[in-house]
Structures are given as C-alpha cells and as structure tokens.
S.K.: 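Have a look at this one before I ask anything.
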Amino acid sequence: MSETYDFAAIESKWQSAWEESRAFEAVADPSRPKFYLLEMYPYPSGRIHMGHVRNYSIGDVISRQKRMAGAAVLHPIGWDALGMPAENAAIKHGTHPQTWTLDNVAHMRQQLKRLGISYDWDREVNTCLPDYYKWNQWIFLRMLERGLAYRKDSWVNWCAQCRTVLANEQVVGGGCWRCETPVTQKKMEQWFLKITDYAEELLSGHAELRKWPEHVLQMQKNWIGRSAGAHVQFALDGTSQTIEVFTTRIDTIYGATFLVVSAEHPIVPELVAGPKAKELGAWVDRTVAEMRRRRDVGETEKDGVDTGKKAVNPFTGERVPVWIANYVLMDYGTGAIMGVPAHDARDLDFAKSYGIPVRTVIAPPDRAGGRFDAEPAEVYEEPGVLVNSGPFDGLASDRAMEAMGKHAEDKGFGRRSTVFRLRDWGISRQRYWGTPIPVVYCDRCGVVGVPDADLPVELPFDVKLTGEEGSPLARHASFVETTCPKCQGPARRETDTMDTFVDSSWYFFRYCSPRETELPFRPEDAEAWLPVDLYIGGVEHAILHLIYARFFTKVLRDFGLTEVSEPFPHYLAQGMVTKDGSAMSKSRGNIVDPDEILERYGADALRLFILFASPPDKEFAWAEEGLEGCYRFLVRVWTIVHENLDLFAAGSASAGPAPARGPAVPIVRKTHQTIRKVTEDIGVRFHLNTAVSSIMELYNLAKKDRDELRSSPEGRAALRLALESIVRLLSPFAPHIAEELWEKTGHRGLLMQSPWPAYDAGLAREETVTVVVQVDGKVRDRFEAEADSPEAELEAAALARPKIRAALGGKTPRKVISVRNKLVSIVT
RNA sequence: GGGCAGAUGGCGGAAUUGGCAGACGCGCUAGGCUUAGGACCUAGUUCCUGAUGAAGGAGUGCGGGUUCGAGUCCCGCUCUGCCUACCA
C-alpha cells in the first residue's frame, strides 16, 4: 500500500523547492534575535570529503533549528580558493589555476547542495576573484599606512636547481620536492604584519572566550608564549660592546658561569675575530646551515665553541667565557642567554659536555639555610631561596627577581621586561596564485602603496607555470613594469603574493556585505550580524587561523569598521573523521567518498548517521553498518507515517488537549519529553547524537503502542501528535524526508519555515518515579512513588518494604538518607 | 621534554547537578514471515554462579582515598590519541 522511500526523487524535489522559495536567504530583522552560524569555508580541492560533510551537517542542524525557533539566521559559505594546490595542478596538468579552481568550486557547490545544507548562496564568496582579494589589498594598504605592515629581511627555502623559493611543505627530507636538490636558505626582503602589537590583547581577550574548548585556549596561549623576566647587559670585556640577554630567572644570575650567543647572532663576526678566526668561522657557518636545516626537526645534540672572549656579569663583576652554540635561537628573546647550569637543564647539559663549572645559587625552600651541594649533579629548576648571591642571599626567588630587576634598572644595565614567543606574521609568498601585494618600488620615491583607485591589482591571466625559475609574476614583464603613482616615473611592482591565511582572516565580515563595492564590508551590516554566534571547524586551525582572524578583527576595529573585538565568542571544535582506527586520508587509502554514499543511501541517511554516531566534538569513526541502521530508521519512520496517514485526513483536528488518563498518556508524555530533550540537545548542549536517539525512542514507543492507540479517539490524536512531532524534530537532521512527510500529512507550506515544536512542561512531567532503596550501599529494592513525594514518605515506604526488612534482618538503621525522586539509602 | 584530551559490553556510544551503569544504534542469538533474502516483524543480548527461572555476586584502564552512595570528586600510576617542541 505505501509507496517506497525514493530518497533520490524526494531530495531533489525539496532542494528545488527550497531554492525557489529562497528559504535559506538571510534577512536581518531587528524584531527577531539574530544568529550567525559559521562553518570554516573549504579549500576547493576538487571534492567534498567526510570531514566537510560532518562539519557542515553539524552546522546545518543548528542553523535549521534556530531558523524554525524564530531566529534571523545567517548561514553562509564560500571558498578559500587561493593557494598552492591550484598552482601545482596547473604545473602538473597544464591547466590554469583559475580554471582548475573554478571547476572544483562548481563541483563542490553541487555536492553541498545535494547534501541539502541550508546556505544562503547569494552570499557565496570566492577569495580567488578580484572582487574579494581587492579588499585584502585595501586592508593591507591601511595597515601599511599605520605601520602595521612592514618589510624586513627573512629566510626562505631555496632550491638552487629550480631557482625558486619553496614553501615548507615543498621541502621533503631537506630536499626539493621536485628535483631532490638539497634546499638551502636564502635571505629575502619580505612583508610582515605586526601581530606582535596585539600579543597582549590576543592573550587577555581569552577572558571573553568562555565558550571555547579549554585545550584550544591553552594551545593559543602557548603559541603566544608570554614570559615575564628581565633583559640584562653583559659588557664584552675589553670592548665598549655589550651582549644583552633575556632571562626569566634573574634570581639565578650569581650562578651564571658562561654566556651563550646564537650562531646567528649579529655579534658573532666580532666574537670569532682573532687568531682562531678561520676555524671558528667555519664552525659557525656549518652550524648555521645545520640549524636552518633542522629547524623543523626537533632537538639536536648541543654543540658549541668557546670564543675565548669574556663577558662581565654586572651583578658580580665576574668575567665569564662567551660561547657560541646551536641551542640558542636567534628569534627568541635577544638571541643570547646567560648559562646557569645549576638551575637550567639545557645549560647543565651543555656545561657538562664542555667542563664548565656549575654553581648552586638557589636552595630548595625546605633546605634553606642548610647545607647545599656547591657542584650538584642534578639540576634544580624550581624557585627557592638564594644562596651564594651576595647581598641577595636569603631572599625567596620571587622577591629576589623583583629586587634584582630593580637593582639592574637603578644601575642602568638592565630592565624588567616581557617577551613573547609570537612573532610578526610573514605574509610574502613567492608564488602566483595569491593576492598581489599592492605596492610598487620606485627608484625615486621608494616603496609606494598602490592608490585605492587603482585597486585591485589583478593577477595577470597569461602566465607560464613551470615550478622553476623563480616567481611567475617576477617573470611577467607587463605585470612588473609600471609607473610610480607618486612621480609617474618608471617603477616595478611587488611580485610576491599574500599568504592565503590573510583571506580567511576576515571572510566572515565579507559574508555580511558580500557585494559591497566601497569598503570590505559595510559597518552597519557587520553591526547587524557580528559577532559570529557559533563557529564550527576542525581543531587543526585552532592556532594559526583563529589567531590571525582574531588579530584582523582587532585591526579592523581599530580602523573603525566594527565594534567587535572578538569575532567568535563560541567555537565548537569538531572532531576528526576516522576509519579503521586512523584519520581518513588519501595517503592511508581509507577514504569514503560522500558522492558514492549519497548515491546509495541519500543525503538524509548520511547526515543522520554522521550526527548520530558520536558527539560533534569527539572523533567520528566511519562504519557502514551504522549508516545502514540510520537508513533503516528513516524507512521505518516513512512506513509508520504512511500506515497512519488516515489520522491526518482532512477534518481530523490536530491533537487536542492530552487525555489525563488512559492508554494515550504515556505517548503524550514521551512526546513532550522528547521535544524538550531535542530542543535542549541542539540548542544548549550541542549533543546531536543524543537528540537523534531520543527521537528514535519516541518512534519505538509509538511503534509499540500503535495498535492500542488506534482503538480510541484520544489514542489516535496522541499517535498523530507523536508522529507529527517525530517528523518535525527530525527535520533539522533529515530535512528532505521530513518535508515530504510534512506534505504527505496534509500540511501546506514548508516545514523548515514552520515553527519549532513547543513542549508543555506539565505534560512532560512524570507522575511516578522509581525510587531505589539501598542498604549499606547495595541496591536491595525499588518501588514506584508519586513524583515529588516528600522524603519522609519515601523513607517510611522504604522501611516498610518486605525485602528491605529482610535485608535489615532486625537491625535498626543508624542513618537513613532520602533523596526526593531518587532513592532511600539505609545505613546500619 | 612540555601541554591537552581520552580510556565504559563484541562495536559506536549514553548516563546533563555525586544518586537505577550500559539509553539509542550496530552486531549477534532464537523464533516468525517468505520460493529466497543482506528486506520486514517478535523476543533476547555486560560478565559470572544458577539446567531454565527465582535469586545472588562482580563490574566503567590500574592502585589508593573522600562519601550513606563514585563512571562522575581527590591523590598516585598505565596506556592511547592530538598538539607542541632547545622559547632561556
């Protein structure tokens, strides 16, 4: 009798219906609460993968539910469309990066539509198009004007064979990915953004991010790496030079038995000068090369040379040897440290290898005043009490740091200070498929920003991409040759392009005014939608993307374009998609292609399964059997609704007031409980898996009781209510089948545009509860009691139970704990 | 080395505030329906003892602790995953 569940026909039918009625359009409406739901936009690599399906399904459930619950929802999508893979594909297949990218976008857009994700496609942005990247350039120019963008020398990976710069991921085992030539380091002038100006605020802003996962905040905190300490100058003996060190433990300075400068430190040439210059110079060259090569490989053996030079400890006047070593980083602190082997494991490691003396200056607090080992074998890194430290003896570490910092300031050889691990953001990329950095170089005027009126600086289409011979733009004469906007004389364009993280640092603003032509976005649109109410995406972007986006937001705020300081007050870090115990990836060959699943089971089943199998923030393990289970559930819902279509026939009113007695009571109660649970699970807890299971429970009860229910008018009304509720509650998860059943049951208008079901707390209330009775911690009996019965009544009832009397065996309870609606616990 | 997260049946997971451990789904078992089915329906399914039942005991990685009561809180471990890594 009932027609079969033809998901393919149903899904395309409703996708068209939604599109025709513009049901996903975001319309700001001051009379309704706004809800900006954002998922991380994808890189158009060619096909949607399961990670995307998961990310976007989670977001879609929440946005659909919010929309039904009355919010004005902004749920946009776009494409992170610039970047290296397009260029690599172009080199490999001889296509143009733009062709390749736009083809991919077209395919992936169809895939997302086929999944039924409720995006406002009118707001789609594509970062590889000039009307988007123009605004990268505009923002860059404003930063340039304020000194937030600047040039400095920096190292890049260089392949001498291909004569080109390589990105880190193009360096494979220290060699070029294409020709395996060993990669060397080359110094080039590059553009940087001054994110360090915002280091303190990026850290203090965490206070507002109460709805971020703790571990993500911790990761960002480590990345920013704030350390309070002091800068101290050591005079280089026999010269007027000083070497400045940074230390977080100035209290240990009496234990400094040597000084170490990084092999990359600018003072190195001076230090190696002298009789052994040749030998030392060679060591330095070798070490620098080694350090650069090993930069991303972990810890290496500590290696160093004694320069023979001495530095003077300003606290003690003591002359200590100056070493050059491979374990001191140039780009942290000052590139020089004081070596305190007794209280720093790395320094001790180094001192032991070279026979440098070790001197204890901090005693553990519990042994202060006692004996201490002058030449300890073990490092003591904790705070303690100063010994061997002249006038500072007896002070606790924290007090000493203050006193000694102040002493250094008073004497003028140091200062208390804070350093950050965070470094300025190098955005120059020597590649084609990126946003051209909008400056020109004029021999007369120097570095000149391109005037706003000349934006965008467009990427020339006619380029040859070979992967060799430097940047493609640098070889493109008509791009490079230009005139200076200031003096009209001949000038050269900058040929570097921007890091694609620039694009993603503000795209969520662009969604608010996607077609704006005067500004990156209209402040009033940003005001209407931002901040993003919920941001969902993989934790792999927890550091870089999320810090850069927070940085850009603060910069845009300082430009006066927005009032918002934190763009994402709520971030949901979605878990990995795995199969057979490891992450789905091409290299592991355990990919499941969403297209194939859509073909066999449809979008609703796929969405339902991916949401049901685990909570959004946990790992999700793919299992085909589980998917089949969800598919079968949809078939069962389809079937039970069809078998009871007569209940929805014209004239039969919607379920009236629930009967107070009789067989309909349990299903009515369960229905209201389910509505409550699903509403909370989606809107408050984000536990979409338990929302689905509670809908299944409601189905199971309806199924079990259906024959009995159908035998009375009250029962029929209750069954109808239950079935209708299942359809409505299911609609954010499996929207197509829900629309179809909504229509089949005689409703007019789109389900997704009808109100979210409301529950009645009174009808959801259980009349009786099961009370557990424990004797000495063991459950001995349970009984039904009226809900909210007073504790004294429960206690009396429990003590009267035959099983409990047996368990007590005549003993008198010493203590009875009674908890309303829960249990009675008897202690003898 | 540092940081973080996690560990619950055969599997994915549930238990929201310290109060019935194992919801829901998968898988499996038995039965029904069927020419047949990997479809559908019914019942069962943490483990152990118990012929079945009744009943009892054990049980949330390991070892302690707090509590009338611990998957949940505290202390100490083990293992797994992720991130980070000479950051002075």
Side-chain angles (χ1 to χ4, degrees), chain A residues 213-219 221-223 225-227 229 245-249 252 260 291 294 296-302 325-329 331-340 343-347 349-350 419-423 539-540 542-543 573 575-576 578 581-583 608-609 612-615 617-630 632-633 635-636 639 677 680-681 684-685 687 689-697 699-700 703-704 769-779 782 813-828:
Chain A
E214 193 50 50
H215 69 281
V216 174
L217 292 176
Q218 191 60 46
M219 279 156 76
K221 210 171 155 185
N222 294 344
W223 187 258
R226 184 184 195 276
S227 303
V245 303
F246 174 74
T247 176
T248 54
R249 291 297 302 273
T252 66
V260 192
M291 283 170 79
R294 298 270 188 112
D296 53 340
V297 187
E299 200 162 329
T300 53
E301 192 78 8
K302 287 184 181 53
N326 67 347
Y327 78 98
V328 175
L329 303 175
D331 44 10
Y332 182 76
T334 62
I337 60 158
M338 60 182 201
V340 185
H343 306 295
D344 183 293
R346 295 156 304 178
D347 295 344
D349 189 13
F350 189 75
V419 305
F420 291 91
R421 200 192 89 114
L422 182 71
R423 305 196 188 109
V539 77
E540 65 273 16
I543 301 183
M576 262 197 317
T578 64
S582 52
L608 190 67
F609 171 56
F612 173 63
S614 57
D617 56 336
K618 298 274 163 52
E619 178 179 297
F620 162 73
W622 182 264
E624 188 106 359
E625 303 80 32
L627 172 66
E628 278 174 30
C630 287
R632 286 203 294 260
F633 175 68
V635 172
R636 279 192 274 243
T639 305
K677 177 154 176 65
E680 283 172 8
D681 280 355
V684 183
R685 299 205 311 149
H687 282 206
N689 55 331
T690 54
V692 175
S693 52
S694 66
I695 298 171
M696 289 174 169
E697 284 182 50
Y699 163 85
N700 288 344
K703 171 86 182 172
K704 184 163 79 72
V769 291
T770 306
V771 175
V772 172
V773 189
Q774 294 182 347
V775 176
D776 291 331
K778 287 197 194 303
V779 178
R782 40 189 69 140
R814 210 153 42 83
K815 191 174 172 187
V816 179
I817 294 130
S818 194
V819 179
R820 196 171 288 220
N821 296 334
K822 301 268 192 218
L823 55 42
V824 178
S825 182
I826 301 166
V827 191
T828 62

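Chain naming here is simple, since letters A, B, ... match the order of the sequence lines and numbering starts at 1 in each. Remember, predicted model here, so these are calculated numbers, not experimental data.
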S.K.: Can you tell me if A:Ser614 uses its side chain to pair, donor with acceptor, with the backbone of A:Glu619 under 3.5 Å?
M.R.: yes
S.K.: Does the side chain of A:Arg636 get closer than 4.0 angstrom to OP1 or OP2 of B:rC40 through an N or O atom?
M.R.: no
S.K.: Taking OP1 and OP2 of B:rG13, is either one under 4.0 Å from a side-chain nitrogen or oxygen of A:Thr690?
M.R.: no
S.K.: Is there a side-chain polar atom (N or O) of A:Asn689 under 4.0 Å from OP1 or OP2 of B:rC24?
M.R.: no
S.K.: Which part of the nucleic acid does A:Arg423 contact within heavy-atom distance under 4.0 Å: base, sugar-phosphate only, or nothing?
M.R.: base
S.K.: How far does the P atom of B:rA88 sit from the matching atom of B:rG6, given to the nearest Å?
M.R.: 28 Å
S.K.: May I have the step-by-step check of ring pair (Phe, Tyr, Trp, His ring centres under 6.0 Å) for A:Phe609 and A:Phe633, ending in yes or no?
M.R.: CA-CA 10 Å; A:Phe609 171 56; A:Phe633 175 68; over 10 Å; no
S.K.: Using atom P in both nucleotides, what's the gap between B:rA55 and B:rG65 to the nearest angstrom?
M.R.: 33 Å
S.K.: Could I get the full list of side chain to side chain donor-acceptor pair (under 3.5 Å) partners for A:Asn326, not counting sequence neighbours?
M.R.: none
S.K.: So A:Ser694, base contact, sugar-phosphate only, or nothing? Heavy-atom distance under 4.0 Å.
M.R.: nothing
S.K.: Could you tell me whether A:Glu619 contacts a base, only the sugar-phosphate backbone, or nothing, with contacts defined as non-hydrogen atoms closer than 4.0 Å?
M.R.: sugar-phosphate
S.K.: Distance check: side-chain N/O of A:Arg685 vs OP1/OP2 of B:rA15, anything under 4.0 Å?
M.R.: yes
S.K.: Reckon A:Pro213 touches a base, only the sugar-phosphate, or nothing at all at heavy-atom distances under 4.0 Å?
M.R.: nothing
S.K.: With rounding to whole Å, what would you report as the distance between B:rG81 and B:rG32 at their C1' atoms?
M.R.: 46 Å
S.K.: Base of B:rU16, side chain of A:Lys677 - is there a donor-acceptor contact under 3.5 Å?
M.R.: yes
S.K.: According to the Watson-Crick and G-U wobble definitions, with both distances under 3.5 Å, which nucleotide is paired to B:rG6?
M.R.: B:rC79
S.K.: With a non-hydrogen cut-off below 4.0 angstrom, is A:Ala623 in contact with a base, only sugar-phosphate, or nothing?
M.R.: nothing
S.K.: Under 4.5 Å between any side-chain heavy atoms of A:Val772 and A:Val824, yes or no?
M.R.: no
S.K.: If the C1' atom of B:rU60 is compared with that of B:rC73, how far apart are they to the nearest Å?
M.R.: 16 Å
S.K.: What distance, rounded to whole Å, do you find between the two C1' atoms, one in B:rC11 and one in B:rU45?
M.R.: 14 Å
S.K.: Between the base of B:rC20 and the side chain of A:Lys822, is there a donor-acceptor distance below 3.5 Å?
M.R.: no
S.K.: Need one value for A:Val328: base, sugar-phosphate or nothing, where a base atom within 4.0 Å counts as base even if backbone is also close, heavy atoms only.
M.R.: base
S.K.: Write down the distance separating the P atoms in B:rG9 and B:rG71, rounded off to the nearest Å.
M.R.: 14 Å
S.K.: Using the C1' atom as the reference point in each nucleotide, state the distance between B:rU34 and B:rG38 in Å, no decimals.
M.R.: 15 Å
S.K.: If you measure from the C1' atom in B:rG10 to the same atom in B:rU46, how many Å do you get, rounded?
M.R.: 11 Å
S.K.: Does A:Arg632 make a side-chain N or O approach to OP1 or OP2 of B:rG27 shorter than 4.0 Å?
M.R.: yes
S.K.: Check this one for me: any side-chain N or O of A:Asn700 less than 4.0 Å away from OP1 or OP2 of B:rG25?
M.R.: yes
S.K.: May I ask you to evaluate whether A:Lys778 reaches the phosphate of B:rA58, defined as a side-chain N or O under 4.0 Å from OP1 or OP2?
M.R.: yes
